[in-house]
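Following: one structure in structure tokens, then a few remarks.
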Amino acid sequence: MVTIADVARHAGVAASTVSYVLSGKRTISTDTRERVQRSVRALGYRPNASARALASQRSNVLALVIPLRTGMHVPVMMQFAAAVVTTARRYDHDVLLLTADEGPDGLERVAQSSLVDALVVMDIELDDERVPVLRELPMPSVLIGYPDDADGLTCIDLDFVAAGAHCVDHLADLGHRSLALLGTPSAVYERQTGFAQRTLTGFAEAAERRGVVGVETPCEHTFDAILHTVRQLLDEHPDITGLVVQNEPIIGPLLDVLRRLGRRVPEDMSLVAICADDVAERQVPQLSSVSIPAERIGDQAVESLITKLEGGDVPALTLLPPALTARESSCQAPHRDLTTA
């Protein structure tokens, strides 16, 4: 392993001079600084994280705030967490995972502890009580999701309004005239969680724009709840031929429920999900879907944080455009004979 002493010998300077060049703590002549930098590159020297942290008065740790709340699907949240951790390591930062639902008090406690340099905050509600604190904290933050009042914040997310609309447009283009959104558990809607509310908005607005019937219902995660919800939905709206699903844990059981109720996918019921590609692809039939770009969102969140820590400017709001992939679960709407005997 190359040490600071090796760089000093290669550059013909004292080790303390190398330290000053790397930390910027003292003014060093241009010729000496450039000589040291050439030696650093030639030898492939990388200062260790603790030394850099000491020199910069930073911990080189980012906090990832994921409050584990009712109705959340932890595997999806962990996809975002893995992306944040992976990208943070590229920048020689570690990640402190915070899962307690402590609201504003938790953010203030972390900020006062000096354990972390910046925050990535998830599970954002439309009227999120953490927002005023985030605006005032003496450290940068990035939100995965965005509240209604995002002034003064840095937010990144999938454009869920467009995602909901894409699902409706896909089914309407196939001739479906009566659609339903099987959404998240009711607790997620009750909290006014941003991604769920915005998908609902996109679904409803697109249904009205396309002149199709669009009904929405939350759905809990248990098999009995899925069976009850779908049976009641089809009893009340027997003409439904297209389902949009924004509830990843119910996808497998839902296909079983539809078979039990005599609805073939896609011959009798087309289905489009908002979920990870690997989830859509391992179903039988494979699902048409709008992908959740967790890796890209987590990556951009960390890159924005690092840029802010270094004094750079980043966009206030980044919405990633959704992409819908048509697979085996959606097809032309079944022909219905509207004549009467």
Side-chain angles (χ1 to χ4, degrees), residues 66-82 99-101 122-126 145 158 160 163-164 167 171 178-200 202-204 214-238 240-266 268-292 294 327-330:
I66 311 179
L68 297 183
R69 297 165 167 165
T70 302
M72 291 178 59
H73 186 46
V74 174
V76 172
M77 308 305 284
M78 289 303 102
Q79 291 175 14
F80 287 94
T99 60
D101 188 6
M122 294 186 60
D123 201 42
I124 306 301
E125 299 167 3
L126 297 184
L158 177 68
F160 281 101
C167 294
L171 292 170
S178 185
L179 313 176
L181 170 65
L182 280 178
T184 64
S186 56
V188 177
Y189 290 115
E190 290 166 3
R191 290 196 302 269
Q192 294 283 292
T193 307
F195 76 89
Q197 293 294 332
R198 292 195 169 94
T199 302
L200 184 60
F203 175 87
V215 297
E216 314 94 15
T217 182
C219 189
E220 308 306 317
H221 290 162
T222 68
F223 184 86
D224 287 344
I226 299 165
L227 178 60
H228 172 76
T229 299
V230 175
R231 177 178 282 145
Q232 182 175 8
L233 180 69
L234 296 180
D235 285 345
E236 295 176 356
H237 305 278
I240 288 175
T241 60
L243 291 178
V244 176
V245 183
Q246 188 185 31
N247 191 336
E248 195 168 294
I250 77 167
I251 288 174
L254 172 62
L255 292 171
D256 186 24
V257 163
L258 290 171
R259 284 190 291 268
R260 290 191 183 200
L261 298 178
R263 300 295 180 102
R264 300 167 300 166
V265 177
D268 304 314
M269 183 73 70
S270 284
L271 194 154
V272 183
I274 301 174
C275 67
D277 279 335
D278 65 315
V279 173
E281 291 169 352
R282 67 172 176 254
Q283 307 304 319
V284 180
Q286 291 191 346
L287 303 186
S288 298
S289 68
V290 172
S291 178
I292 304 292
R327 298 188 180 92
E328 300 166 353
S329 68
S330 56

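Worth knowing before you read on, the calculation uses all heavy atoms, side chains too, and leaves out hydrogens, waters and symmetry mates.
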If the condition is side-chain contact (heavy atoms from CB on, under 4.5 Å), which residues does [X] pass it with, not counting sequence neighbours?
X	answer
Pro185	Val188, Glu220, His221, Asn247
Ser289	Cys275, Asp277, Ala280, Arg327
Glu328	Pro285, Gln286
Asp278	Ala276, Arg282

(request) Under the ring pair (Phe, Tyr, Trp, His ring centres under 6.0 Å) rule, collect the residues that match up with Phe203, sequence neighbours excluded. (result) none
(request) Just grab all the salt bridge (Lys or Arg N to Asp or Glu O under 4.0 Å) pairs involving residues 251-261, residues at least two apart or on different chains. (result) Asp256-Arg260
Sub-4.5 Å side-chain heavy-atom contact between [X] and [Y]:
X	Y	answer
Leu182	Val230	yes
Gln232	Thr217	no
Arg191	Thr70	yes

Going by side chain to side chain donor-acceptor pair (under 3.5 Å), name the residues that satisfy it together with [X], two or more places apart in sequence or in a different chain.
X	value
Asp101	Arg69
Thr99	none
His237	none
Ser270	His176

(message) Suppose we screen for salt bridge (charged side-chain N to carboxylate O under 4.0 Å, His left out). Which residues come up paired with Glu190, at least two apart in sequence or across chains?
(response) none
(message) Could you work out, with salt bridge (charged side-chain N to carboxylate O under 4.0 Å, His left out) as the rule, every residue matching Arg198, not counting sequence neighbours?
(response) Asp148
